[in-house]
Visitor: 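One structure follows; several queries about it will come next.
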Amino acid sequence: MLIKKYSIGEVAEMCSVSIKTLRYYDQIGLVIPEFRNEESKYRYYSKQQMIKLFIIRQLRKLGFAVKEIKELLENLNVEEMEEAVNNRLEAIDSEIKELEMKKAIGENLRERLKRGGDILSRAEGIFSDAYMDTMDNIKLEKIPEGTLLYVREVMKNYSNSDVSLAQWITITDKCTERGLIRKSPIIVTYYAQPLEQFLMKDTDVEFGILIDGEIEENKDFRKFGGFDAVTKIHVGKYSDAVNSHISMMQWINQNGYELAGPISEEFIVSPVDIDNEEEHITKIIMPVKKLQA
């Protein structure tokens with residue numbers, strides 16, 4: 001019976017594999033042409049080898065390395081193939097989760113930059129140092145409730161004008177390691193008397209990120225929000241935020257409210273996002289309740 005033989009060009013076209021790749025497979029011993037014409041020195045593939053190339057092509061699409069495929073095909077059977085594909089699918093799932101996390105991080109940053117850009121474009125020119133000292137940029141609003149991933153510690157001689165980089169890295173890494181989707185910028189909460197965080201005192205400080213989903217409260221998670229708050233957008237040098245805090249305290253006193261919880265700051269555009277101090281944007285959040293008449 002005449003055995004059908006296929007040239008390298010025919011195999012390349014029929015199997016959608018480049019001639020360069022076929023020569024590489026030949027070189028490493030993965031698929032060596034079965035026939036050789038002694039006169040022309042041309043080499044030819046068998047139909048069975050074309051089937052093997054289809055298997056290789058399928059495995060390559062799943063992300064198997066050539067070395068892995070070579071080892072797998074040496075003792076190919078259904079059980080080993082199933083195990084290899086299952087392992088590969090588990091790896092693909094991990095890759096998908098990692099990509100989803102990268103996308104979520106990118107979307108969070110994009111949303112914060114857009115939010116910051118909108119604030120700057122709507123109020124171009126009005127966020128002067130003098131304006132920061134006024135009450136014109138103060139609102140009373142309901143802060144939505146969410147789940148906060150946090151770390152908390154007493155920081156020695158704390159100065160809020162310095163970015164607590166180690167703590168910021170810790171909380172963002174915890175979020176990434178747990179595969180959590182971020183829903184907010186960094187939120188810093190001061191468990192101290194108003195303005196104490198500006199006085200170089202030992203201060204109980206919490207660094208947190210709102211995350212997607214409901215998680216049982218424990219030492220790493222708590223509820224944040226669900227309260228009325230006086231808020232103010234501070235634009236510019238973070239070291240000048242004390243002026244915004246003072247004007248907010250004045251507004252609270254003048255409008256019949258009192259503080260009802262620790263003060264927080266939400267870093268919409270922070271020093272670790274943009275190095276231009278004039279474009280740093282911080283939302284100050286002071287929980288309040290109405291004074292009894």
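Given the structure is predicted, the values throughout are model-derived calculations rather than measurements. For the single chain, residues carry numbers from 1 onward in sequence order. For the numbers below, each heavy atom of this structure counts, side chains included, while hydrogens, waters and symmetry mates do not.
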Visitor: Counting C-beta onward and ignoring hydrogens, is there a side-chain heavy-atom pair between Lys5 and Asn37 closer than 4.5 Å?
Guide: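 They are not in side-chain contact.
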Visitor: So does Asp93 pair up with Lys97, basic N to acidic O under 4.0 Å?
Guide: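 Salt bridge absent between Asp93 and Lys97.
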Visitor: Out of curiosity, Ile284 CD1 to Ile138 CD1, how far, rounded to the nearest 0.5 Å?
Guide: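 Going from CD1 on Ile284 over to CD1 on Ile138, the span is 9.0 Å.
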Visitor: When you group the ILVMFWY residues by side-chain heavy-atom contacts below 4.5 Å and let the links chain together, are Val272 and Tyr150 in the same group?
Guide: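 As far as the 4.5 Å side-chain criterion goes, Val272 and Tyr150 are not connected within one cluster.
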Visitor: Verify side-chain contact (heavy atoms from CB on, under 4.5 Å) between Leu53 and Gln49, making sure each step is shown before the conclusion.
Guide: CA-CA 6 Å; Leu53 283 166; Gln49 287 183 307; 5.5 Å; no
Visitor: Would you indicate whether the side-chain heavy atoms of Ile69 and Tyr25 approach each other to under 4.5 Å?
Guide: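 They are not in contact (no side-chain heavy atoms under 4.5 Å apart), so the answer is no.
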Visitor: Evaluate the side-chain contact (heavy atoms from CB on, under 4.5 Å) criterion for residues Phe207 and Thr170: first the C-alpha distance (whole Å), next the side-chain angles of each, then the deciding distance (0.1 Å), finally the verdict.
Guide: CA-CA 9 Å; Phe207 302 83; Thr170 296; over 6 Å; no
Visitor: Supply the atom-to-atom distance Glu71 CD to Glu80 CD, rounded to the nearest 0.5 angstrom.
Guide: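 Going from CD on Glu71 over to CD on Glu80, the span is 11.0 Å.
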Visitor: With side-chain contact (heavy atoms from CB on, under 4.5 Å) as the test, would you mind laying out the steps for Ile186 and Thr172 before giving the verdict?
Guide: CA-CA 8 Å; Ile186 295 284; Thr172 53; 4.0 Å; yes
Visitor: Is it the case that atom NZ in Lys290 sees more than 12 heavy atoms from other parts of the structure closer than 6.0 Å?
Guide: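 More than 12 heavy atoms, drawn from other residues, nucleotides or ligands, come within 6.0 Å of this atom.
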Visitor: If you measure from CG on Leu120 to CZ on Arg115, what distance do you get to the nearest 0.5 Å?
Guide: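 CZ of Arg115 is found 12.0 Å from CG of Leu120.
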Visitor: Can you see which heavy atom on Tyr6 is nearest to which on Ser46, and at what distance?
Guide: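 Of all heavy-atom pairs spanning Tyr6 and Ser46, the closest is CD1-C, 4.1 Å.
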Visitor: Does a side-chain heavy-atom distance below 4.5 Å link Tyr257 with Met286?
Guide: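 No; the side chains remain at least 4.5 Å from each other.
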Visitor: Going only through I, L, V, M, F, W and Y residues with side-chain contacts under 4.5 Å, is there a path from Ile211 to Phe267?
Guide: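 Cluster IDs for Ile211 and Phe267 match.
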Visitor: Can you hop from Val11 to Val31 via hydrophobic side chains spaced under 4.5 Å?
Guide: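 Looking at the clustering, Val31 is in the same group as Val11.
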Visitor: For side-chain contact (heavy atoms from CB on, under 4.5 Å), just list the numbers for Cys15 and Arg57, CA-CA rounded to whole Å, side-chain angles, deciding distance to a tenth of an Å, and then say yes or no.
Guide: CA-CA 8 Å; Cys15 297; Arg57 185 167 174 264; 5.5 Å; no
Visitor: Could you tell me whether Glu68 and Arg88 make a salt bridge, using a distance below 4.0 angstrom between a side-chain N and a carboxylate O?
Guide: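 Here Glu68 does not pair with Arg88 in a salt bridge, since their nearest N and O are not under 4.0 Å apart.
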Visitor: Using modelled atom types only, decide if a donor and an acceptor are shared between the side chain of Asp26 and the backbone of Leu22 within a distance under 3.5 Å.
Guide: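 No, the answer is negative, given that no donor and acceptor are paired below the 3.5 Å cut-off.
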Visitor: Could you state whether Ile263 and Leu199 fall into the same hydrophobic cluster, counting links through intermediate Ile, Leu, Val, Met, Phe, Trp or Tyr residues with side-chain heavy atoms under 4.5 angstrom apart?
Guide: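 Ile263 does not cluster with Leu199.
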Visitor: When you compare the side chain of Met155 with that of Thr203, does any pair of heavy atoms fall below 4.5 Å?
Guide: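 They are not in side-chain contact.
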Visitor: Can you check whether Ile268 reaches Ile233 side chain to side chain, under 4.5 Å on heavy atoms?
Guide: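 Yes, at least one pair of side-chain atoms sits under 4.5 Å.
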Visitor: Glu266 side chain to Pro185 main-chain N or O, any donor-acceptor pair under 3.5 Å?
Guide: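 Looks like no, no N/O pair under 3.5 Å.
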Visitor: Quick one: pull up CZ in Arg60 and CD1 in Ile56 and give me the separation to the nearest 0.5 Å.
Guide: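 Here the rounded value is 10.0 Å.
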Visitor: Can you tell if the side chain of Phe224 reaches within under 4.5 Å of the side chain of Ser264, non-hydrogen atoms only?
Guide: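 Heavy-atom side-chain distance check passes, below 4.5 Å.
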Visitor: Give me the atom names and distance for the closest heavy-atom approach of Ile285 to Pro287.
Guide: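 In terms of heavy atoms, the two residues are closest at O-CD, 3.7 Å.
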Visitor: Is there a path from Ile96 to Leu62 through hydrophobic residues (I, L, V, M, F, W, Y) whose side chains come within less than 4.5 Å of each other?
Guide: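 In one cluster with Ile96: Leu62, yes.
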Visitor: Under 3.5 Å, side chain of Lys70 to main-chain N/O of Ile28, donor-acceptor pair present?
Guide: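 The answer is yes, because a donor-acceptor pair under 3.5 Å joins these two groups.
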Visitor: Does the cation-pi check pass for Lys20 over Tyr24, that is, NZ or CZ under 6.0 Å from the six-membered ring centre and within 45° of its axis?
Guide: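 Checked: cation-pi criterion not met.
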Visitor: Give the minimum heavy-atom separation between Val269 and Glu279, together with the two atoms involved.
Guide: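 Heavy atoms only, the tightest pair is CG1-O, 3.6 Å.
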Visitor: Would you find more than 12 non-hydrogen atoms of other residues, nucleotides or ligands less than 6.0 Å from Lys67 atom NZ?
Guide: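 No - once you tally the heavy atoms of other residues, nucleotides and ligands closer than 6.0 Å, there are 12 at most.
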Visitor: Going from CG on Leu180 to CE on Met101, what distance comes out if it is rounded to the nearest 0.5 angstrom?
Guide: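 Nearest 0.5 Å value for the CG-CE distance: 6.5 Å.
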Visitor: In this structure, are over 12 heavy atoms from other groups packed under 6.0 Å from Glu79 atom CD?
Guide: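 Atom CD in Glu79 is not packed in, count stays at 12 or less.
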Visitor: Only one of Leu210, Leu149, Asp212, Thr176 passes side chain to side chain contact (heavy atoms under 4.5 Å, CB included) with Arg182; say which it is.
Guide: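 Checked Leu210, Leu149, Asp212, Thr176 against Arg182; only one passes side chain to side chain contact (heavy atoms under 4.5 Å, CB included): Thr176.
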Visitor: So do Lys223 and Thr147 actually touch side chain to side chain, heavy atoms under 4.5 Å?
Guide: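 They are in side-chain contact.
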Visitor: Does some side-chain heavy atom of Arg178 sit less than 4.5 Å from a side-chain heavy atom of Asp220?
Guide: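 Yes, side chains in contact.
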Visitor: Nearest heavy-atom pair of Ser18 and Ala12: which atoms, and what distance?
Guide: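 Minimum heavy-atom contact is C-CB, 4.4 Å.
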Visitor: Does the distance from a Lys or Arg side-chain N to an Asp or Glu carboxylate O, for Lys102 and Glu98, drop under 4.0 Å?
Guide: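 Judged by the 4.0 Å cut-off on N to carboxylate O distance, Lys102 and Glu98 do form a salt bridge.
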Visitor: Are the side chain of Ser244 and the backbone N or O of Asp240 linked by a donor-acceptor pair below 3.5 Å?
Guide: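 No; judged by distance alone, with no hydrogens or angles, the pair does not exist.
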Visitor: Name the residue from His245, Gln197, His234, Lys283 that meets the side-chain hydrogen bond (donor to acceptor under 3.5 Å, both in side chains) definition with Glu265.
Guide: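 In the set His245, Gln197, His234, Lys283, the residue that makes a side-chain hydrogen bond (donor to acceptor under 3.5 Å, both in side chains) with Glu265 is His245.
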Visitor: Would you mind checking if Lys47 and Glu34 are paired as a salt bridge, meaning a charged N to carboxylate O distance below 4.0 Å?
Guide: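 Salt bridge: no.
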Visitor: Under the side-chain hydrogen bond (donor to acceptor under 3.5 Å, both in side chains) criterion, do Asp273 and Ser270 qualify, and how do the steps go?
Guide: CA-CA 5 Å; Asp273 298 319; Ser270 74; 3.0 Å; yes
Visitor: Can you tell me if CD on Glu83 sees more than 12 non-hydrogen neighbours from other groups inside 6.0 Å?
Guide: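 No, not enclosed.
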Visitor: Got a second to check how far Asn255's CG is from Ile252's CD1, nearest 0.5 Å?
Guide: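 With rounding to 0.5 Å, CG (Asn255) is 9.0 Å from CD1 (Ile252).
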Visitor: What heavy-atom pair brings Lys52 and Leu30 nearest, and what distance separates the two atoms?
Guide: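 Heavy-atom minimum between the residues: NZ-O, 3.0 Å.
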Visitor: May I ask you to decide if Met249's main-chain N or O and Asn253's side chain share a donor-acceptor pair within less than 3.5 Å?
Guide: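 The answer is yes, because a donor-acceptor pair under 3.5 Å joins these two groups.
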Visitor: If only atom types and distance count, is the side chain of Asp228 paired as donor or acceptor with the main-chain N or O of Lys142 below 3.5 Å?
Guide: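 Answer holds: no.
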Visitor: Taking all non-hydrogen atoms of both residues into account, name the closest pair between Pro262 and Tyr190 and its distance.
Guide: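 Taking every non-hydrogen atom into account, CB-O, 3.3 Å.
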Visitor: Does Glu13, at its CD atom, have more than 12 non-hydrogen atoms belonging to other residues, nucleotides or ligands within less than 6.0 Å?
Guide: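 No - once you tally the heavy atoms of other residues, nucleotides and ligands closer than 6.0 Å, there are 12 at most.
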